[in-house]
Novice: 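Handing you this structure, nothing more for now.
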Protein chains: 2
Amino acid sequence: MARDGTQTRNRILDSAFALALEKGLAATSLDQVIGNADITKGAFFYHFKSKEDLALALVRHVAELDRQQTEAMVKRVEELSRDPLQQVLLACSLTADLVAPSEPNPGCLFASYCYQGDLWSEDARKICETSFRAQAAWIEGKLKQAVKKHNIKPPVSPAQLAQMFLSVFEGAFVLARTYNDASLFRKQIFAYRDMLEALFTAR
Amino acid sequence: MARDGTQTRNRILDSAFALALEKGLAATSLDQVIGNADITKGAFFYHFKSKEDLALALVRHVAELDRQQTEAMVKRVEELSRDPLQQVLLACSLTADLVAPSEPNPGCLFASYCYQGDLWSEDARKICETSFRAQAAWIEGKLKQAVKKHNIKPPVSPAQLAQMFLSVFEGAFVLARTYNDASLFRKQIFAYRDMLEALFTAR
DNA sequence: TATACAGTACCAACTAGTCGGTATAACTAA
DNA sequence: TTAGTTATACCGACTAGTTGGTACTGTATA
């Protein structure tokens with residue numbers, strides 16, 4: 001073995017991630033990724049065989065980070081409360097705190113990809129879809145438990161409400177960017193939270 | 001006067017719009033825009049002085065189209081019902097119908113721009129923000145009227161609910177693209193509608 | 001007779017990607 | 001111990017092609 005290459009690989013990934021959120025990967029040249037990572041072209045093409053390869057590796061990387069983060073959050077939330085509805089509400093609050101109000105480029109890599117045809121390969125799409133489905137499935141499951149436990153019939157199905165979490169999540173990023181105000185993200189997630197609470201508490 | 005140039009100009013705009021939604025304007029070359037519009041380079045640079053100029057003109061163009069569409073919708077909705085809440089609910093239904101379930105590239109130009117640094121100039125941002133604010137303001141106003149009329153205190157403020165419409169709207173596009181299923185847009189808008197109705201009806 | 005193009009030839013800057021070479025470190029055989 | 005071997009990790013000049021944009025001539029239209 002020679003010196004450990006995973007460090008360099010991660011530097012490239014981190015560099016590409018930051019630039020992708022800042023200006024979109026399609027509009028970012030490899031030279032910029034390379035410069036930002038403070039490596040050379042040779043190093044880049046040693047680790048990735050093309051820009052497309054990098055794009056795919058990046059979305060895989062981010063999906064894995066998300067999975068770990070979600071896993072940890074679920075664990076914390078299930079320790080904090082035994083009530084399924086409360087668990088979901090807590091998860092919303094923790095999610096809202098993920099984006100600092102001063103964040104200059106709040107956003108989701110998946111959303112960034114899906115509006116840039118080059119990167120939006122079928123492979124990339126599936127990775128994003130899987131990631132989304134996993135998150136929605138957890139919320140849906142908890143809400144179904146809440147329906148049973150509280151013996152309530154919400155006006156919108158748990159499945160639709162779970163998807164709406166993702167909609168609000170993604171939409172809040174777009175709003176935050178358009179209004180140039182990252183705090184909007186937090187506010188929207190909390191609005192969703194409050195709304196959920198009301199739907200399952202009222203009556 | 002010679003022949004009317006607005007036709008050609010609109011052809012360019014339409015071409016760029018379609019390509020922007022399909023693969024993002026940043027990843028689209030001028031040659032593609034020109035080829036798609038079936039004109040020549042000379043014609044393009046007669047109407048637009050640069051790609052940036054086109055990008056700005058396009059977002060302005062789309063914002064104007066949106067404004068007209070919204071204006072017409074508001075008019076229809078206010079004819080159909082006198083109740084402010086019902087007007088908002090109707091507006092949701094009409095909005096849901098704007099995207100055909102078979103639409104190959106459902107999406108919002110504004111969202112597409114905001115994830116592509118090149119195009120995301122301060123000028124473009126302001127145009128999107130103004131467009132968003134106008135829509136949210138109408139919903140917020142109607143919901144405030146509904147609060148008074150029905151003498152109800154919703155768990156989330158009209159302002160937040162109005163912004164949530166935009167969040168769901170934008171997020172639904174991202175979901176539709178990620179799940180590769182345009183019908184998700186309609187479903188999410190209806191879910192928002194049903195939720196709104198429940199919040200203002202319950203108790 | 002100015003406008004609104006078509007057409008084409010061209011350019012400098014940038015792009016993704018290649019290629020020959022080098023540095024490092026672990027393994028191997030004398 | 002050490003000289004030689006090998007694989008990995010990386011360097012950076014280079015290239016072929018694309019990009020946005022220019023320049024200029026020609027022509028149909030109102």
Side-chain angles (χ1 to χ4, degrees), chain A residues 1-20 22-59 61 112-113 115-121 123-124, chain B residues 1-20 22-61 112-113 116-121 123-124:
Chain A
M1 284 289 166
R3 14 205 250 263
D4 188 15
T6 59
Q7 259 188 49
T8 304
R9 198 186 135 94
N10 283 332
R11 279 251 294 289
I12 297 172
L13 250 14
D14 290 344
S15 163
F17 186 41
L19 287 166
E22 186 190 329
K23 45 187 280 182
L25 205 58
T28 303
S29 71
L30 288 185
D31 284 345
Q32 290 175 282
V33 173
I34 288 161
N36 191 247
D38 209 39
I39 51 150
T40 61
K41 211 142 207 191
F44 177 87
F45 280 99
Y46 175 78
H47 288 284
F48 304 97
K49 72 172 203 269
S50 67
K51 191 183 181 181
E52 204 185 325
D53 187 33
L54 166 69
L56 206 61
L58 178 58
V59 74
H61 179 66
S112 155
Y113 270 46
Y115 274 114
Q116 308 189 33
D118 301 27
L119 317 171
W120 200 230
S121 64
D123 283 342
Chain B
M1 285 290 165
R3 16 191 198 150
D4 188 14
T6 60
Q7 261 189 46
T8 304
R9 198 186 136 95
N10 282 333
R11 279 250 296 288
I12 297 172
L13 251 14
D14 290 344
S15 162
F17 186 42
L19 287 166
E22 187 191 328
K23 44 188 279 183
L25 205 58
T28 303
S29 71
L30 287 185
D31 284 344
Q32 290 175 284
V33 173
I34 288 162
N36 192 247
D38 209 38
I39 53 152
T40 61
K41 214 154 197 182
F44 177 87
F45 280 99
Y46 177 79
H47 287 283
F48 303 97
K49 71 171 201 269
S50 67
K51 191 182 182 182
E52 204 186 325
D53 186 33
L54 166 69
L56 206 61
L58 179 58
V59 74
R60 240 190 277 273
H61 179 65
S112 153
Y113 271 46
Q116 309 191 31
D118 302 29
L119 316 170
W120 201 229
S121 64
D123 284 342

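In what follows, chains carry the letters A, B, and so on, assigned in the order in which the sequence lines appear, proteins first and then strands, with residues in each chain numbered from 1. Every value quoted in this text rests on a predicted model; they were computed, and no experiment measured them.
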Novice: Taking CD from B/Gln7 and P from C/dC5, how many angstroms apart are they, rounded to a whole number?
Specialist: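 From B/Gln7 CD to C/dC5 P: 8 Å.
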Novice: With side-chain contact (heavy atoms from CB on, under 4.5 Å) as the test, would you mind laying out the steps for B/Leu54 and B/Leu13 before giving the verdict?
Specialist: CA-CA 8 Å; B/Leu54 166 69; B/Leu13 251 14; 3.9 Å; yes
Novice: Look at the side-chain N and O atoms of B/Thr40 and state whether any lies under 4.0 Å from the OP1 or OP2 oxygen of C/dC5.
Specialist: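 Indeed not, no polar side-chain atom of B/Thr40 lies that close.
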Novice: Pull out every protein N or O sitting under 3.5 Å from an N or O of nucleotides 14-17 of chain C, one pair per line with the distance.
Specialist:
from	atom 1	to	atom 2	distance (Å)
C/dA16	OP1	A/Leu30	N	3.3
C/dA16	OP1	A/Lys51	NZ	3.3
C/dA16	OP2	A/Leu30	N	2.8
C/dA16	N7	A/Lys41	NZ	3.1
C/dG17	OP2	A/Lys51	N	2.8
C/dG17	N7	A/Lys41	NZ	3.3
C/dG17	O6	A/Lys41	NZ	2.9

Novice: Rounded to whole Å, please give me the gap between CG in A/Asp118 and P in D/dT18.
Specialist: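 To the nearest whole Å, that distance equals 14 Å.
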Novice: Which listed nucleotide (D/dC11, C/dA6, D/dT8) is nearest to the side chain of A/Tyr46?
Specialist: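 In terms of side-chain proximity for A/Tyr46, the closest of D/dC11, C/dA6, D/dT8 is D/dT8.
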Novice: Taking ring pair (Phe, Tyr, Trp, His ring centres under 6.0 Å) as the test, write out the residues that go with A/Phe44, two or more places apart.
Specialist: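 Listed in chain order: A/Phe48.
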Novice: For the atom pair OG1 (B/Thr8) and CD1 (B/Ile39), what is the distance rounded to the nearest 0.5 Å?
Specialist: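 Result: 7.0 Å between the selected atoms.
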Novice: Provide the full list of side chain to side chain donor-acceptor pair (under 3.5 Å) pairs with a residue in residues 42-54 of chain B, sequence neighbours left out, each pair given once.
Specialist: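 Found none.
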Novice: Within this structure, what is the NE2-to-P distance between B/His47 and C/dT3, rounded to whole angstrom?
Specialist: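 Result: 13 Å.
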Novice: What is the separation between atom CD1 on B/Ile39 and atom P on D/dT27, rounded to the nearest whole Å?
Specialist: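 It is 21 Å, rounded to the nearest whole Å.
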Novice: Would you mind reading off the distance between A/Asp38 atom CG and D/dC10 atom C1', rounded to a whole angstrom?
Specialist: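 Going from CG in A/Asp38 over to C1' in D/dC10 covers 13 Å.
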Novice: When you look at B/Asp123 and B/Arg60, which way does the side-chain contact (heavy atoms from CB on, under 4.5 Å) test go after all the steps?
Specialist: CA-CA 10 Å; B/Asp123 284 342; B/Arg60 240 190 277 273; 5.9 Å; no
Novice: Pairing donors with acceptors under 3.5 angstrom, does anything connect the side chains of A/Asp31 and A/Ser29?
Specialist: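 No, no side-chain donor-acceptor pair sits under 3.5 Å.
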